[in-house]
Amino acid sequence: MTDLAQDMNKLSVNGDARNGASATQNGAPANGGANGSADQPQKRQYVPPHLRNRPQGQARSDFGGSGSNGRGSSSGRGFAFGGSGSYGGGRRGGGYGSASRAPNPRSGQGRWVDGKHEPSPRNERIELELFGSAEESGSSTSGINFDNYDDIPVEASGDDVPDAITSFTAPPLDELMVENITLSRFTKPTPVQKYSVPIVAKGRDLMACAQTGSGKTGGFLFPVLSECFKNGPLPVPDTAGPFSYNKVYPTVLIMAPTRELVSQIFEEAKKFCYRSWVRPAVAYGGVDIGQQMRTLQRGCDLLVAAPGRLTDMLERNRVSLANVKYLILDEADRMLDMGFEPQIRHIVQECDMPDVQDRQTLMFSATFPRNIQMLARDFLKEYIFLSVGRVGSTSANITQKVLLVEDDEKRSVILDLLSAADLGLTIVFTETKRMADYLADFLYDQGFPATAIHGNRTQYEREKALAAFKNGTAPILVATAVAARGLDIPNVQHVINYDLPTDIDDYVHRIGRTGRAGNVGIATSFFNRNNKIIVKDMISLLTEASQEVPDFLIKISRESSYGGRGGGRGGRSGGFGGRSGATRDFRRGGGGFGGSSGFGGGFGGGSSYGGSNDFGSARSSGYSSNYGNQNQSTSWW
DNA sequence: AAAAAAT
């Protein structure tokens, strides 16, 4: 309860009425004065997850419309947390109560009886809830331009790589899975799916270098759930011990770095578990753990979890991994960057999870640095290595623009950008949480419906911000790195790097929030001499992507060539042109990599990827002196 | 240097 009180308190202090009030605001941009009335708590409104992305009562992306009015009724209180909870799919009309998570026969929940799968009958209402209506196809999950996937290069290596599939058929997929895929309006497999489906069906382990936009989530959900549908659950082990009645034994464990990503995967999993015996569940921090654990007890065959919360539940003995047949690590490099390696190793190696040989393990990672290679060596067996080209970023999907903007000009330039045209959903990235808050407030005061997402906001605020962004209530999302990777938000048209990151990989991930799934997007970056650190990488990236390279970039890169990173990251050799980071199967000529000297030079990105987290120090040494330019510009943030 | 994640 105190949590809730804190949340609410924070909300009002924060003036987060901007989400709800934006619609009324927008009619009169530049009218900062109208803001005063927005601070009434009643303005806060929350769209329950099962109603999100629905056109009813709310004109999508028409943020000048009557958005905030249409969503009446919900008082927006009781479900502040449990927020995650309500993802189970509301049963009752306005049902955001925690009970809505319980699977029951009328919730599209099938059964496994006497060694046979008994899918539940179809249910129109649930299908509408999970998959949306046919009319709005193209707005939520689809909108995918499947044709553009055909160009994506894929390279599979390893022993006995199975042939790729070319369509979703049973076999190798389960009949029910094919039906669910159809309901989701996925018409044909993306490149990563073409390989992952037969690989998993053959019982093989997989190490895949791929981005979220590549259809990665389906890449593991389709085949893994398919196998589950065919094979059924394992019995609770004899070793369960006392108190095992409130313990859950998931068959599938999926881990991902951020709460939003976990939540997003869970949403997908719900679709593909439809009518089957597999009950999906989710575990992540920021919400009440007691409630979350009770939810788990109502069914947890597939668990999507953030490492921290899962560790917590394991310590409380509420989750057993003894029945895990499928382990999936998503965004593995990101998780390691965030320091999760000890926890992940603990979960995988020191709890009761079956040994490598007795489970199937799939790892997904954007890059393949040494620490990921080590993890792959320890977690995977005779795996197949899959390297999937990027769906954008280096192709023509994303138009990349770089503007020379000094720090104190940024505010004015972003206003120009935002007022220029009818922008669709726009994500603005900043480097710091403070700046994200500041900028969101600033934009909001200037009449732009903006909201912010970063790690200092409560989970409730984060979810609300994301929802408001997705449904167009707040079509401008100011974000920190929390939203840089993995999040799959359809229809983002513009990414603005208000502050450029210091790492070119972050840049690639950020701009990858637009131009997704084969669609086009724009990325605009504010560059000045404070961003010298990535100037060389920027130039090579833009060049590879056949984008315009502004003269000032060349000029500044020459200026810095005396000291800086001499040659930057050189190479970028990892396979497909423009891929960031090394993504090559390293298991060649000599197997073991413990002492192999080949790494540093072998991969283009070897230098920065070689060690786990040590690049920070390596870089900061050469650059700290370059920051002489911050003459009290801090006064406004 | 910042960000993320269990409390």
Side-chain angles (χ1 to χ4, degrees), chain A residues 1-4 6-7 81 84 255-264 282-293 296 304-319 329-347 351 366 407 429-439 452-459 461-463 466 478-487 497-503 505-507 509-510 530-534 612-630 634 637:
Chain A
M1 275 310 144
T2 50
D3 282 353
L4 176 58
Q6 273 175 2
D7 283 9
F81 54 43
S84 66
M255 282 192 279
T258 65
R259 295 168 185 170
E260 278 73 16
L261 201 46
V262 165
S263 172
Q264 179 180 293
V282 70
Y284 58 76
V287 295
D288 181 61
I289 192 171
Q291 193 172 355
Q292 209 168 55
M293 290 189 301
L296 253 54
V304 192
R309 179 52 67 90
L310 178 60
T311 304
D312 197 350
M313 290 187 174
L314 286 165
E315 280 166 5
R316 293 168 191 244
N317 253 302
R318 301 296 284 271
V319 175
L329 302 183
D330 199 7
E331 304 270 344
D333 51 351
R334 185 79 177 145
M335 288 202 279
L336 263 45
D337 285 348
M338 287 166 61
F340 281 140
E341 179 160 2
Q343 293 176 66
I344 289 173
R345 283 190 179 273
H346 172 74
I347 291 166
C351 296
D407 286 342
F429 282 106
T430 64
E431 271 296 89
T432 66
K433 294 182 272 200
R434 277 178 78 186
M435 180 59 96
D437 271 337
Y438 168 83
L439 188 59
I453 185 167
H454 59 68
N456 275 2
R457 305 199 79 194
T458 66
Q459 194 55 29
E461 292 172 308
R462 282 163 59 164
E463 286 176 16
L466 204 53
V478 186
T480 61
V482 69
R485 300 186 184 215
L487 282 192
N497 282 306
Y498 189 86
D499 301 318
L500 274 163
T502 51
D503 187 316
D505 282 333
D506 287 330
Y507 172 83
H509 279 285
R510 286 181 181 188
N530 292 332
N531 306 115
K532 265 183 174 178
I533 192 165
I534 58 162
S612 47
N613 282 321
D614 57 354
F615 57 87
S617 54
R619 280 180 193 178
S620 56
S621 59
Y623 289 92
S624 48
S625 60
N626 284 340
Y627 287 97
N629 198 12
Q630 42 189 350
T634 48
W637 63 285

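Predicted model, so just to flag it, every value in this text is computed and none were measured. Every chain is numbered from 1, with letters handed out A, B, ... down the list of sequences. Heavy atoms only: backbone and side chains are in, while hydrogens, waters and symmetry mates are out.
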Query raised in the report: Using a cut-off of less than 4.0 Å, is there contact between a side-chain N or O of R462(A) and OP1 or OP2 of dA5(B)?
Result: yes
Query raised in the report: How long is the line joining CZ of R334(A) and P of dA4(B), in whole Å?
Result: 9 Å
Query raised in the report: Could you give the CE-to-C1' distance, from M255(A) to dA6(B), as a whole number of Å?
Result: 15 Å
Report task. State which residues pass side chain to side chain contact (heavy atoms under 4.5 Å, CB included) with N531(A); sequence neighbours excluded, sorted by chain then number. Result -> L500(A), F527(A), N528(A)
Query raised in the report: Can you tell me if the side-chain N/O atoms of R259(A) get under 4.0 Å from OP1 or OP2 in dA6(B)?
Result: yes
Report task. Choose from dA5(B), dA2(B), dA1(B) the nucleotide whose nearest atom is closest to any side-chain atom of T502(A). Result -> dA1(B)
**Report entry** A306(A): side chain to side chain contact (heavy atoms under 4.5 Å, CB included) partners, not counting sequence neighbours
**Finding:** V262(A), Y284(A)
Report summary line: Q459(A) CD to dA6(B) P, in whole Å, measures 9 Å
Query raised in the report: Does the side chain of R434(A) get closer than 4.0 angstrom to OP1 or OP2 of dA2(B) through an N or O atom?
Result: no
Query raised in the report: Do R259(A) and E461(A) meet the salt-bridge criterion of a basic N to acidic O distance under 4.0 Å?
Result: no
Report summary line: In whole angstroms, the gap separating C1' of dA4(B) from CZ of F429(A) amounts to 14 Å
Query raised in the report: Can you check the D337(A) CG to dA5(B) P distance for me, whole Å?
Result: 14 Å
Query raised in the report: Would you say a side-chain N or O of T480(A) is under 4.0 Å from OP1 or OP2 of dA4(B)?
Result: yes
